[in-house]
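Structure first, commentary second.
These numbers come from the heavy atoms of this one structure, side chains and all, not from hydrogens, waters or symmetry mates.
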Amino acid sequence: NPWYWPKIWSLNPGIENPHWIYPGGKLKIIPGEGGAQAPAQVANGNAPEAAAPGEEVQLDTATSPDSSVSVNVPNAVDLDVVSKNSRESRSSRNSVSVSGKLAFVPPPVVSVRKSGLVTAEEKENAGSLAASFEEKQMLSPYDTAYVQFKGAPPVRPGDRLLFFRPDGEITDPVTHKKLADQTRTIGVAKVLSVQDKQCTVQVERNFEEIERGDLARPWVAQEKRVTPRQNMTDVSGFIVGDTTRELSDLGESNIVYIDRGSADGVQEGNTFAVVRKGDGLNESMVSAKSKTAVKAGDAAAKIDVPLENVGLLLVTDISEHVSTAIVIKSLRELSPGDAVEMRAGGAGGGTP
């Protein structure tokens, strides 16, 4: 039974990595109830057959004078994993199919952080950290700083500001058209006083170094809880970026950007399926790049095969033309350029 390995590993602290368990290695095995631990060795590279709790397992051992030693697997709670109602059994049913529709239901609530998208108006009206009272290049909590706005500051004493920094543009991987500005939140400050176009602030928290020239805007909650909702329309698009930029491949829990937003009918809580088609042995199977592949006359991109779901995204934040989504499930490595689909009445392009 594949669920036995954590228990066996826990009894063998000398094995630092469970991947390093090879045929012929000596292992401590679960003893019978009330018995002492018996060292056992798998001989001739033959692993024992899995047994349910309470059944007897025959293990060949080189240290025993007999040809084999009997080990009774106890009816312990932590080994009762073959039961239909066990936690592991329920978890195994909450899986996805290798191809076709995703047999996976999104969690009822997902907690995420803001993705750092700001509108052109927010960026235009943002203030700039102009100076600090302390003789510091990099500011930290309790430091006093001065934020300069172009007009009257949109805050009052007691309000909070978010310091952020431009982090590049989000562009369409095919047309290279700019879709939005990506930013990185680097700190929070409390407004102490307001004089004309300037605010005196005290740094409360910083996620990165805060320096002169960093931008500031009114505070909004950075943590949010998103509940999946039923899709109301059909929308097709592409993954156009991610929040990390350091990763070449994306998977579960990563945050991505989709080139569809509120103007296209996307709502917070909608689900998109990541879809691909083609020959699995050909790199151009990624249908996200099929636009350029077809133009280049790539034969694999023209294969008349159906789209297969390889991932599920949950929309956590939206703007007019770009949405932010978290990868809930992935069967393959995802990347910017992958195609996504939302189907009305379904969850991620199909009914779970």
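L307 has its side chain within reach of E341: a pair of non-hydrogen atoms, C-beta onward, lies under 4.5 Å apart. A 4.5 Å side-chain heavy-atom check between Q267 and M232 finds at least one atom pair inside the cut-off. For the pair V256 and L313, the minimum side-chain heavy-atom distance is below 4.5 Å. At a threshold of 4.5 Å between non-hydrogen side-chain atoms, the residues D242 and P336 count as touching. The shortest distance between side-chain heavy atoms of T324 and Y257 falls below 4.5 Å. A 4.5 Å side-chain heavy-atom check between V109 and V226 finds every atom pair outside the cut-off. Residues N231 and T271 have side chains in contact (heavy-atom distance under 4.5 Å, counting atoms from C-beta outward). Side-chain contact between E252 and K329 is present, with at least one heavy-atom pair separated by less than 4.5 Å.
In terms of hydrophobic clustering, with Ile, Leu, Val, Met, Phe, Trp and Tyr side chains grouped at heavy-atom distances under 4.5 Å, I210 and V188 are assigned to different clusters. Linking ILVMFWY residues whenever their side-chain heavy atoms come closer than 4.5 Å, directly or via other members, leaves I186 and I255 in distinct clusters. Note on F163 and V220: separate hydrophobic clusters, where clusters join Ile, Leu, Val, Met, Phe, Trp and Tyr whose side-chain heavy atoms are under 4.5 Å apart, directly or indirectly.
Atom CG in D214 sits 11.0 Å away from atom OG1 in T185 (nearest 0.5 Å). The CD1 atom of I239 sits 10.5 Å away from atom CZ of F272, with the distance rounded to the nearest 0.5 Å. In this structure, NZ on K28 lies 7.0 Å from CG on N12, to the nearest 0.5 angstrom. To the nearest 0.5 Å, atoms CG (D181) and CD1 (I170) are separated by 8.0 Å. Expressed to the nearest 0.5 Å, how far OG of S319 lies from NE2 of H321 amounts to 8.0 Å.
Every residue was checked against the side-chain hydrogen bond (donor to acceptor under 3.5 Å, both in side chains) condition with D259, not counting sequence neighbours, and none meets it. Residues meeting the side-chain hydrogen bond (donor to acceptor under 3.5 Å, both in side chains) test with R217, sequence neighbours left out: none. Residues passing the side chain to side chain contact (heavy atoms under 4.5 Å, CB included) test with L192 are T200, Q202, sequence neighbours excluded. The side chain to side chain contact (heavy atoms under 4.5 Å, CB included) test applied to K177 returns T175, not counting sequence neighbours. Taking N254 as the reference, nothing meets the side-chain hydrogen bond (donor to acceptor under 3.5 Å, both in side chains) condition, with sequence neighbours excluded. A search for side chain to side chain contact (heavy atoms under 4.5 Å, CB included) contacts involving F133 returns T144, Y146, not counting sequence neighbours. In this view, Q148 and Q198 satisfy the side-chain hydrogen bond (donor to acceptor under 3.5 Å, both in side chains) rule, not counting sequence neighbours. Shown here are the side chain to side chain contact (heavy atoms under 4.5 Å, CB included) partners of M138, two or more places apart in sequence or in another chain: E209, E211.
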*Trace of the side chain to side chain contact (heavy atoms under 4.5 Å, CB included) decision for V275 with V340*: CA-CA 6 Å; V275 294; V340 296; over 6 Å; no
_side chain to side chain contact (heavy atoms under 4.5 Å, CB included) between I258 and V240, worked out_ = CA-CA 6 Å; I258 304 172; V240 294; 6.0 Å; no
*For salt bridge (Lys or Arg N to Asp or Glu O under 4.0 Å), just list the numbers for E208 and R184, CA-CA rounded to whole Å, side-chain angles, deciding distance to a tenth of an Å, and then say yes or no.*
CA-CA 9 Å; E208 296 183 26; R184 192 167 66 250; 2.6 Å; yes
*May I have the step-by-step check of side chain to side chain contact (heavy atoms under 4.5 Å, CB included) for D338 and L250, ending in yes or no?*
CA-CA 11 Å; D338 279 338; L250 305 171; over 6 Å; no
*asked:* side chain to side chain contact (heavy atoms under 4.5 Å, CB included) for V266 and V315? Distances and angles first, verdict last.
replied: CA-CA 8 Å; V266 181; V315 177; 4.1 Å; yes
*Check against side-chain hydrogen bond (donor to acceptor under 3.5 Å, both in side chains), E333 and S335*: CA-CA 7 Å; E333 297 86 350; S335 62; over 6 Å; no
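Between P153 and V194 the shortest heavy-atom distance is CG-CG1, 3.8 Å. Contact detail for S262 and I318: the closest heavy-atom pair is CB-CD1, 4.1 Å. Taking every heavy atom of both residues into account, F149 and C199 meet most closely at CE1-SG, 3.9 Å. Scanning all heavy atoms of the two residues, the minimum distance from V327 to G251 falls at CB-O, 3.2 Å. Closest approach of G265 and T233 over heavy atoms only: O-CG2, 3.7 Å.
Side chain of N270 to main chain of L314: no donor-acceptor pair is present (N/O by atom type, distance under 3.5 Å, no hydrogens or angles). Under the 3.5 Å distance criterion, the side-chain polar atoms of T183 are left unmatched by any main-chain donor or acceptor of F164. Using modelled atom types, one side-chain atom of R260 and one backbone atom of S236 make a donor-acceptor pair closer than 3.5 Å. Remark: the backbone N or O of G187 is not paired with any side-chain donor or acceptor of N206 at under 3.5 angstrom.
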In a table with atom names and distances, give each donor-acceptor pair under 3.5 Å that connects a side chain of residues 154-162 to protein atoms at least two apart or in another chain.
unit_1: D159; atom_1: OD2; unit_2: R156; atom_2: N; d: 2.9
unit_1: R160; atom_1: NE; unit_2: E204; atom_2: OE1; d: 2.8
unit_1: R160; atom_1: NH2; unit_2: E204; atom_2: OE2; d: 3.3

Could you tabulate the donor-acceptor pairs under 3.5 Å formed by side-chain atoms of residues 120-132, not counting sequence neighbours?
unit_1: E122; atom_1: OE1; unit_2: T119; atom_2: N; d: 3.0
unit_1: E124; atom_1: OE2; unit_2: K150; atom_2: NZ; d: 3.1
unit_1: N125; atom_1: ND2; unit_2: E121; atom_2: O; d: 3.3
unit_1: S132; atom_1: OG; unit_2: E134; atom_2: O; d: 2.9
unit_1: S132; atom_1: OG; unit_2: R212; atom_2: NH2; d: 2.7

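Using a 4.0 Å cut-off between a side-chain N of Lys or Arg and a carboxylate O of Asp or Glu, R276 and E308 do not qualify as a salt bridge.
Pairs of residues two or more places apart, or lying in two chains, never qualify as salt bridge (charged side-chain N to carboxylate O under 4.0 Å, His left out) while including a residue from residues 185-200. Within the structure, every pair that satisfies the salt bridge (charged side-chain N to carboxylate O under 4.0 Å, His left out) test and touches residues 265-275, not counting sequence neighbours, is listed here: K224-E268.
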